[in-house]
Asks: 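Quick one: structure below, then a few questions.
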Amino acid sequence: METTIDLKTVYVPAEDDVVARELHGEFIIIPITSGVGDVEDEIFSLNETGKAIWERMDGKRNLDEVVKSLTSDFEGPEEEIRKDVIGIIEELLRRKIIIEAR
Amino acid sequence: MKPDKVEKAFSNAELNELIRATLSKRASFRMKATGFSMSPFIQNEDILTISPLTHSLSSGEVVAFDIPKRNKLIVHRIVEIRNSSFVIKGDNVESIDGVIPGECILGIITKVERGDRRIYFGLGLERVIIAFLSKKGALPFVYFFWRLVPNHIRKFIKCKIHS
């Protein structure tokens, strides 16, 4: 799979530009676009794996470490988990929901 | 795997939490109105933009607030200010919601959209008159007579008010 994602990079939620909440077991993300959080147009939900990835983007772990942490906590081959992580990171980056940690 | 774009109907408690979280980031919150208590100025399924408070609230402004312990999100109009509390009432209901403490106000309605149109009437300077009439219980009568005015004259008056 071709990707531009560097697994040594540390990503964090774009705190100022996103509202993320777990509501009744569902993890909801509302991007703030042009100063507006719009529940009528653009909200996203993450499944259990997505939420686990989100929670591990703590500003300390790079993606490689996130994958290793997930591999020890979830069943499944590391390669599959890595693919999942890259997929969701690409999408979250595209939507500017996460950013590289400084 | 990708994040799923979802359409979701939130409960009052969930909306309260999301509105507070969004407004705390100095951002506005866009959501669908439900109900008819602010009709005709805000109608069922209009899209509202709730913005953070940046100034002292005044009579006539439409605010989103929650009633403590009831966890109910309400969008109604301020009809009177008492010290640091607000007497709030729906334009289309007879009784007031009560005297609401300032800390219960989540934000102010800054934009109303109906379909592709933006609705200005009810949020401009005329809001002061609307609040006065609402408080006196005269708004339904005024609205009844307003509906008798030919459409083009109503449009002209609205344009003049907002020009």
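Each chain gets a letter, A, B and so on, in the order the sequences are listed, and its residues count up from 1.
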Asks: What part of A:D38 gets closer than 4.5 Å to chain B, counting heavy atoms only: side chain, backbone, both or neither?
Replies: both
Asks: Any residues in residues 73-85 of chain B near chain A, with a heavy-atom distance under 4.5 Å, and which are they?
Replies: none
Asks: A:E15 and B:K25: which non-hydrogen atoms are nearest, and at how many Å?
Replies: O-NZ, 2.5 Å
Asks: Is a side-chain donor or acceptor of B:K32 paired with a backbone partner of A:V39 at a separation under 3.5 angstrom?
Replies: no
Asks: Please examine the side chains of B:L18 and A:L23, heavy atoms only from C-beta on, and report whether any two atoms are closer than 4.5 Å.
Replies: yes
Asks: For residues A:L63 and A:F74: do they belong to one hydrophobic cluster (side chain heavy atoms under 4.5 Å, members Ile, Leu, Val, Met, Phe, Trp, Tyr)?
Replies: yes
Asks: Count I, L, V, M, F, W, Y as connected when their side-chain heavy atoms are under 4.5 Å apart, and connections chain through other members. Are B:I119 and A:V36 then in the same cluster?
Replies: no
Asks: When hydrophobic residues are tied together by side-chain contacts of less than 4.5 Å, even through go-betweens, does A:V66 share a cluster with A:L7?
Replies: yes
Asks: Heavy-atom count check: over 12 atoms from other residues, nucleotides or ligands less than 6.0 Å from B:F141 CZ?
Replies: no
Asks: Closest heavy-atom contact between A:V19 and B:A21?
Replies: CG1-CB, 3.7 Å
Asks: Please determine whether the number of non-hydrogen atoms from other residues, nucleotides or ligands lying under 6.0 Å from atom OH of B:Y143 exceeds 12.
Replies: yes
Asks: Answer with yes or no whether the hydrophobic clustering places A:I99 together with A:M57; edges join I, L, V, M, F, W, Y residues whose side-chain heavy atoms lie under 4.5 Å apart.
Replies: no
Asks: Linking I/L/V/M/F/W/Y whenever their side-chain heavy atoms sit closer than 4.5 Å, directly or via other members, would B:F132 and B:I130 fall into one cluster?
Replies: yes
Asks: Report, by ascending residue number, the residues of residues 34-55 of chain B in heavy-atom contact with chain A at a distance under 4.5 Å; give 'none' if the set is empty.
Replies: B:I47
